2 protein chains.
Amino acid sequence: MNDDGWVPPQVLLAVDLVILTLRESRMHVLLVERGVEPFRGVRALPGGFLGHVDEDLLDAAHRELAEEAGLTADHVHLEQLGVYGAPGRDPRGRVVSVAYLAIAPRLPEPVAGTDALEAGWTPVDAVLSGGERLAFDHRRIVSDGVERARSKLESTALATAFCGPLFTIAELQGVYEAVWSVRLDPRNFYRKVQSVDGFIEPVGPRRKPEVGRPARLFRAGAHKTLRPPMTRPVDSTDEKAVEA
Amino acid sequence: MNDDGWVPPQVLLAVDLVILTLRESRMHVLLVERGVEPFRGVRALPGGFLGHVDEDLLDAAHRELAEEAGLTADHVHLEQLGVYGAPGRDPRGRVVSVAYLAIAPRLPEPVAGTDALEAGWTPVDAVLSGGERLAFDHRRIVSDGVERARSKLESTALATAFCGPLFTIAELQGVYEAVWSVRLDPRNFYRKVQSVDGFIEPVGPRRKPEVGRPARLFRAGAHKTLRPPMTRPVDSTDEKAVEA
DNA sequence: AGAATAGTGTCTTTTAGACAGTATGGG
DNA sequence: CCCATACTGTCTAAAAGACACTATTCT
């Protein structure tokens, strides 16, 4: 910024994606096996470098979403998660990664990557508990993404992003239960979710299940922020702090 | 990432700071007048390019905090706000900016900048209403920062960052009133704020004011997240959406 | 005593939590 | 008729909102 001959350093910019979805009532994250060094053969978040100098960051995220996950922008929630730029995080040099959080409804299996040997949905518990080793600082990024999702379920309509365009209340409850790892009372959930203004709106038809009474269908309402918020049950696994 | 001769593009990385504080019961943001092109003479957020290739992002934020605002890390809350990387945002080329949100208690006036002609606290309303023109996309960044602060006041102990290490309950209420632009009932606020576990803890002495009964002093508690959260009164200025 | 600010108590309304019964489809 | 799932009520406990009084310091 000065005229004394100093020039600011340049960095490589990467975009990484934390794509979350629900499978068998558990939260999964999409991981791809790296085909090149560094961390060849280790699983990592889908992502890559900026395509060209003039590519917008959000466009790059959409491009990776399509290339590595085969997901089109339709019905996929995408938001910026944060920047990860610790100096030593990439052995190739100074690489700063912009992480995006994507929430997708359960989709048909196919996930074919271009520059990834293998792509697959992995339960987030397996990643967070350390059972699965990830490249770079991607475990931390996954952890932050999951925490973001958990938190935004309280105050925003993010849960609807895990569902298709039409969903039942029981489905929506399943989202909350899976992401928060809790059990909720269906009766109180019905009452609560329908009392929050603009959260969900009923649509005509009903869904015919294999067995049991057909359920009413809803779609996401107009309000993105929930007032009052959905309340997460107190987890008995909370930390106490010392008094000085 | 491939071996076909393509090399990923490099970008310039900047760090910008949204520093918020309270002055005369109003939220202010620190702006500096730019001494060089582009936007010479226009006010902008304090910030600058990465010092060297191996500088950590958070370190860079702390450095700018000291250089441009004269603030040491003590008693200053600093968190990442987001990345701003639209292709055309900087006429000098592809500059990606990592924005940090800083919350500081009211401090002695002096704010002496190095590469800024003039630095000063500006009411955020003046910035957000467009009364003050800012360089680059900095008005948007300020807007995001303010919104982040407003939101986190509900669910975290961020309000204590606006106060010094010791504060009274009335002071804390003033923070909520200023940031949210609302009036709160002192009696309900006293009850509420003391019932939230780990939010504030009493310390021995009392503060002697110029007039009136001395107030008890508190300090920030151990818990960073508030359960249950502080509830923001419903603003009558909320948007409605159409029904399809 | 009076002014000014700090702090406490009570009542009412709303919301959350726990729990049981009825309704509607397909065999 | 039985099963499985969808939905509706009711009671109770806790929290939020509205409001009035007492307490402590200084001049």
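Values reported hereafter were calculated over all heavy atoms of this structure, with side chains retained and with hydrogens, waters and symmetry mates removed. Computed from a predicted structure; not experimentally measured. Chain letters run A, B, ... following the sequence lines, proteins first and then strands; every chain starts at 1.
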* Asked: Can you check the Tyr190(B) OH to dT5(C) P distance for me, whole Å?
  -> 12 Å

* To do: Report the distance from atom CD of Gln194(A) to atom P of dT8(D), rounded to the nearest whole Å.
  => 7 Å

* Round to the nearest Å and state the distance from Glu210(B) atom CD to dC26(D) atom P. => 13 Å

* **Aromatic ring pairing His138(A)/Phe136(A), orientation class (parallel under 30°, perpendicular over 60°, tilted between)** => tilted

* Asked: Out of dA18(D), dA20(C), dT24(D), which has the shortest distance to the side chain of Asn188(B)?
  -> dA18(D)

* Nearest-neighbour nucleotide for the Arg213(B) side chain, dT24(D), dT8(C), dG9(D) considered -> dT24(D)

* Let me know the distance between CZ of Arg227(B) and P of dA14(D), rounded to the nearest Å. => 17 Å

* Protein-nucleotide distance (Arg191(A), atom CZ; dA6(D), atom P), rounded to Å -> 19 Å

* To do: Report yes if a side-chain nitrogen or oxygen of Arg206(A) is closer than 4.0 Å to either non-bridging phosphate oxygen (OP1 or OP2) of dC7(D); otherwise report no.
  => yes

* **Under 3.5 Å: donor-acceptor pair, side chain of His223(A), backbone of Asp197(A)** => yes

* **Below 4.0 Å: OP1/OP2 of dT15(C) and any side-chain N or O of Lys192(A)** => no

* To do: Grab the CZ-C1' distance between Arg232(A) and dT15(C) for me, whole Å please.
  => 20 Å

* To do: Could you tell me whether Arg216(B) contacts a base, only the sugar-phosphate backbone, or nothing, with contacts defined as non-hydrogen atoms closer than 4.0 Å?
  => sugar-phosphate

* May I have the distance from Glu154(B) (atom CD) to dA16(D) (atom P), rounded to whole angstrom? => 13 Å

* Would you check if there is a donor-acceptor pair between the side chains of Glu79(A) and His77(A) at a distance under 3.5 Å? => yes

* Take the protein atom CZ of Phe189(B) and the nucleotide atom C1' of dC19(D), then report the distance between them rounded to whole Å. => 19 Å

* Of the listed nucleotides dA16(D), dA23(D), dA6(D), the one nearest the side chain of Ala170(A) -> dA6(D)

* Asked: Looking at dA6(D), dT10(C), dG7(C), which one has an atom nearest to any side-chain atom of Ala215(A)?
  -> dA6(D)

* Asked: Between Glu177(A) and Leu184(A), is there a donor-acceptor pair closer than 3.5 Å when you use the side chain of the first and the backbone of the second?
  -> yes

* Take Gly212(A) and Asp185(A), find for each the nucleotide of DNA chain D with the closest heavy atom, and name the residue whose nucleotide sits nearer the 5' end. => Gly212(A)

* Asked: Using a cut-off of less than 4.0 Å, is there contact between a side-chain N or O of Thr231(A) and OP1 or OP2 of dG17(C)?
  -> yes

* Asked: Which one, dG9(D), dA6(D), dT10(C), comes nearest to the side chain of Arg187(A)?
  -> dG9(D)

* Starting from the 5' end of DNA chain D, give me the residue, Ser195(B) or Pro214(B), whose nearest nucleotide shows up first. => Ser195(B)

* Pro46(A) versus Ile19(A), closest heavy-atom pair with distance -> CG-CD1, 4.1 Å

